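Structure first, then comments.
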Amino acid sequence: AGRAAARALRASFGVEPTLVASGGTLPVVPALLDAIGTPVVVMGLAHPDDNPHGPDERVHLPTLARATDACVAFLHELSATNASW
């Protein structure tokens with residue numbers, strides 16, 4: 001699934017994705033793993049200056065469009081490769 005995500009991000013953004021081990025502060029990640037036994041792939045798609053969780057948090061609309069494309073491509077990649085967790 002991680003390789004499928006990397007292929008989808010590469011296709012949508014035209015560059016190699018940066019792989020970062022993070023997400024430990026997202027309480028839903030271990031909750032999903034515990035609840036359904038499925039690992040979670042988190043794709044961070046924000047610009048560094050989007051000011052996440054700040055009073056002036058924002059999203060760059062062209063990035064949002066590419067992120068949507070990446071999510072669709074990710075699901076396609078998973079189904080095309082019969083990826084299993």
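Below, each value reflects all heavy atoms present in this structure, side chains not excepted, and no hydrogens, waters or symmetry copies. Fair warning: this is a prediction, and the values are worked out from it, not measured in the lab.
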Please list, one pair per line, the donor and acceptor atoms closer than 3.5 Å that link side chains of residues 54-65 to other protein atoms, with sequence neighbours excluded.
{"unit_1": "Asp56", "atom_1": "OD1", "unit_2": "Asn51", "atom_2": "ND2", "d": "2.1"}
{"unit_1": "Glu57", "atom_1": "OE1", "unit_2": "His53", "atom_2": "N", "d": "3.2"}
{"unit_1": "Arg58", "atom_1": "NE", "unit_2": "Asp49", "atom_2": "O", "d": "3.4"}
{"unit_1": "Arg58", "atom_1": "NH1", "unit_2": "Asp56", "atom_2": "O", "d": "2.9"}
{"unit_1": "Arg58", "atom_1": "NH2", "unit_2": "Asp49", "atom_2": "O", "d": "2.5"}
{"unit_1": "His60", "atom_1": "ND1", "unit_2": "His47", "atom_2": "NE2", "d": "3.4"}
{"unit_1": "His60", "atom_1": "ND1", "unit_2": "Thr63", "atom_2": "OG1", "d": "2.8"}
{"unit_1": "Thr63", "atom_1": "OG1", "unit_2": "His47", "atom_2": "NE2", "d": "2.8"}

In residues 29-37, what donor-acceptor pairs under 3.5 Å come from side-chain atoms, sequence neighbours left out?
none

Are Val15 and Leu45 in one and the same hydrophobic cluster, where Ile, Leu, Val, Met, Phe, Trp and Tyr link if side-chain heavy atoms are under 4.5 Å apart?
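They do share one cluster, since a chain of ILVMFWY contacts under 4.5 Å joins Val15 to Leu45.
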Is there a path of hydrophobic side-chain contacts, each under 4.5 Å between heavy atoms of I, L, V, M, F, W or Y residues, that connects Val28 with Val42?
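Linked, Val28 and Val42 end up in one cluster.
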Could you walk me through whether Val41 and Phe74 pass the side-chain contact (heavy atoms from CB on, under 4.5 Å) test, one step at a time?
CA-CA 10 Å; Val41 174; Phe74 173 60; 4.3 Å; yes
Cys71 vs Met43 side-chain heavy atoms within contact, under 4.5 Å:
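Result yes, sub-4.5 Å side-chain heavy-atom pair found.
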Which pairs would a plain distance check flag for residues 2-12, meaning a side-chain donor or acceptor within less than 3.5 Å of a matching protein atom at least two apart in sequence or in another chain?
{"unit_1": "Arg7", "atom_1": "NE", "unit_2": "Glu77", "atom_2": "OE1", "d": "2.6"}
{"unit_1": "Arg7", "atom_1": "NH2", "unit_2": "Glu77", "atom_2": "OE1", "d": "3.2"}
{"unit_1": "Arg10", "atom_1": "NE", "unit_2": "Glu16", "atom_2": "OE1", "d": "3.4"}
{"unit_1": "Arg10", "atom_1": "NE", "unit_2": "Glu16", "atom_2": "OE2", "d": "2.5"}
{"unit_1": "Arg10", "atom_1": "NH2", "unit_2": "Glu16", "atom_2": "OE1", "d": "3.4"}
{"unit_1": "Ser12", "atom_1": "OG", "unit_2": "Ala8", "atom_2": "O", "d": "3.0"}
{"unit_1": "Ser12", "atom_1": "OG", "unit_2": "Ala70", "atom_2": "N", "d": "3.1"}

